S.K.: 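Handing you this structure, nothing more for now.
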Amino acid sequence: MLNIILFGAPGCGKGTQAKRLAERYNLHHISTGEVIRSEIARATALGRSMESYISRGELAPDAIVVEMISDYMHSHKGEGSIFDGFPRTTAQAEAFDKMLDGMGLKVDVMIYMDVPEQELVDRILLRGKESGRADDASEEVIRNRIEIYRAQTAVVADYYSAQNKYTRIDGHGTMDEVFERICGVIDSL
Ligand code: ADP
């Protein structure tokens, strides 16, 4: 029962790879971004409380996101998961460890998908044309998300590195090439 964190800047291709990995390794795929977008689309109280953050490219509050993951963990007991977009701050990582510990579980590995910034922006702009995601449409919001990633999220790698759970892969190349690199990491666990 593996718990894998797929990590990287916005637009690095986490979502695409996470879906394929979930199939290959028979894991659940949980994307906090997707959960948040679905709450917003259904106009729930939770969704309304997060809309303003997401549209500006800022992070949703830690407490809300941790609560979402806690609900997820309790409804998926006994199953392995791919975490896509979580944890995104050190506070989230610490809360996650505590939560897993209390359930007798652990993170097996964090895999960082390394992609150069200009490629990130190009990919997201392209995706925005097809997906209609509001936070993918403007270059300014995209740059802001990357900036926030650098300021608040990149350090989460150090957190898992200190636990010897961090691996970097080259996120450049075709989707198949990147997929095989990630599988190589998981197969060697
Ligand atoms: P991307 O990886 O392209 O940024 P996501 O779907 O993972 O796309 O996330 C979209 C948005 O949802 C983020 O910009 C952020 O505002 C919010 N979000 C997602 N996950 C988290 C999280 N763990 N903590 C705070 N905010 C989050």
Side-chain angles (χ1 to χ4, degrees), residues 3-22 28-42 44 46-73 81-100 107 110-157 159-160 169 171 175 178 182:
N3 287 310
I4 297 169
I5 298 172
L6 211 52
F7 187 71
C12 74
K14 294 187 294 283
T16 308
Q17 298 295 343
K19 284 194 187 80
R20 295 180 64 177
L21 293 165
H28 271 279
H29 168 210
I30 165 86
S31 155
T32 40
E34 268 177 26
V35 175
I36 294 170
R37 282 191 290 282
S38 128
E39 295 283 340
I40 292 174
R42 288 183 290 129
T44 63
L46 193 64
R48 283 198 300 272
S49 73
M50 288 190 288
E51 201 161 10
S52 62
Y53 299 102
I54 310 302
S55 62
R56 288 195 297 263
E58 289 169 17
L59 295 182
D62 287 336
I64 297 181
V65 179
V66 168
E67 181 72 28
M68 269 167 36
I69 290 290
S70 172
D71 288 348
Y72 168 83
M73 292 306 298
S81 299
I82 308 242
F83 296 88
D84 159 12
F86 178 90
R88 247 177 166 96
T89 62
T90 303
Q92 289 180 17
E94 286 167 354
F96 191 35
D97 262 354
K98 238 185 234 162
M99 186 192 304
L100 291 174
V107 168
M110 163 187 266
I111 302 172
Y112 168 59
M113 299 170 59
D114 195 358
V115 175
E117 170 155 349
Q118 191 52 51
E119 190 165 333
L120 296 173
V121 176
D122 294 345
R123 284 188 192 176
I124 297 176
L125 282 169
L126 194 72
R127 175 174 78 185
K129 282 188 195 140
E130 289 153 14
S131 71
R133 263 177 63 173
D135 62 343
D136 280 353
S138 121
E139 179 149 353
E140 193 191 330
V141 172
I142 295 169
R143 295 256 179 222
N144 190 35
R145 278 158 57 200
I146 295 174
E147 203 42 55
I148 286 173
Y149 166 80
R150 282 220 196 83
Q152 299 180 41
T153 304
V155 291
V156 180
Y159 182 87
Y160 289 98
I169 61 118
M175 279 197 255
V178 175
I182 300 173

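The chain is numbered in sequence order, starting from 1. Read the numbers this way: they start at 1 and go in the same order the structure lists the ligands and their atoms. Here the structure is a predicted model, which means the values were calculated and not measured.
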S.K.: What orientation do Phe7 and Tyr112 show, parallel under 30°, tilted 30 to 60°, or perpendicular over 60°?
M.R.: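 The arrangement is tilted - the two ring planes meet at 30° to 60°.
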
S.K.: Are Asp136 and Arg145 ion-paired here, with the side-chain N under 4.0 Å from a carboxylate O?
M.R.: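 Result for this pair is yes, salt bridge flagged.
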
S.K.: For Glu139, check side chain to side chain contact (heavy atoms under 4.5 Å, CB included) against everything at least two apart and list the hits.
M.R.: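 If we apply the side chain to side chain contact (heavy atoms under 4.5 Å, CB included) test to Glu139, skipping adjacent residues, the hits are Val121, Leu125, Arg143.
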
S.K.: Can a salt bridge be assigned to the pair Arg123 and Glu119 using a cut-off of 4.0 Å between side-chain N and carboxylate O?
M.R.: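 Yes.
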
S.K.: Cut-off 3.5 Å, side chains only: do Gln152 and Thr89 have a donor facing an acceptor?
M.R.: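 Gln152 vs Thr89: no donor-acceptor pair found between side chains.
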
S.K.: I'd like to know if Arg127 pairs up with Glu130 as an ion pair, taking the criterion as any Lys NZ or Arg NE/NH1/NH2 lying under 4.0 Å from an Asp or Glu carboxylate oxygen.
M.R.: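 No salt bridge links Arg127 with Glu130.
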
S.K.: Please tabulate, one line per pair, the protein N or O atoms found under 3.5 Å from any N or O atom of ligand 1, giving the distance to one decimal.
M.R.:
residue	atom	partner	partner atom	Å
ligand 1	2 (O)	Lys14	NZ	3.2
ligand 1	3 (O)	Arg127	NH2	2.9
ligand 1	3 (O)	Arg145	NH2	2.9
ligand 1	4 (O)	Arg88	NH2	2.9
ligand 1	4 (O)	Arg145	NH2	3.4
ligand 1	6 (O)	Arg37	NH1	2.9
ligand 1	6 (O)	Arg37	NH2	3.1
ligand 1	7 (O)	Arg88	NH1	3.3
ligand 1	7 (O)	Arg88	NH2	3.3
ligand 1	8 (O)	Arg133	NH2	3.2
ligand 1	9 (O)	Arg88	NH2	3.4
ligand 1	16 (O)	Glu58	O	2.6
ligand 1	20 (N)	Thr32	OG1	2.8
ligand 1	20 (N)	Gly85	O	3.3
ligand 1	20 (N)	Arg88	NH1	3.0
ligand 1	23 (N)	Gly85	O	2.9
ligand 1	23 (N)	Gln92	OE1	3.0
ligand 1	24 (N)	Gln92	NE2	2.9
ligand 1	26 (N)	Ala60	N	2.9

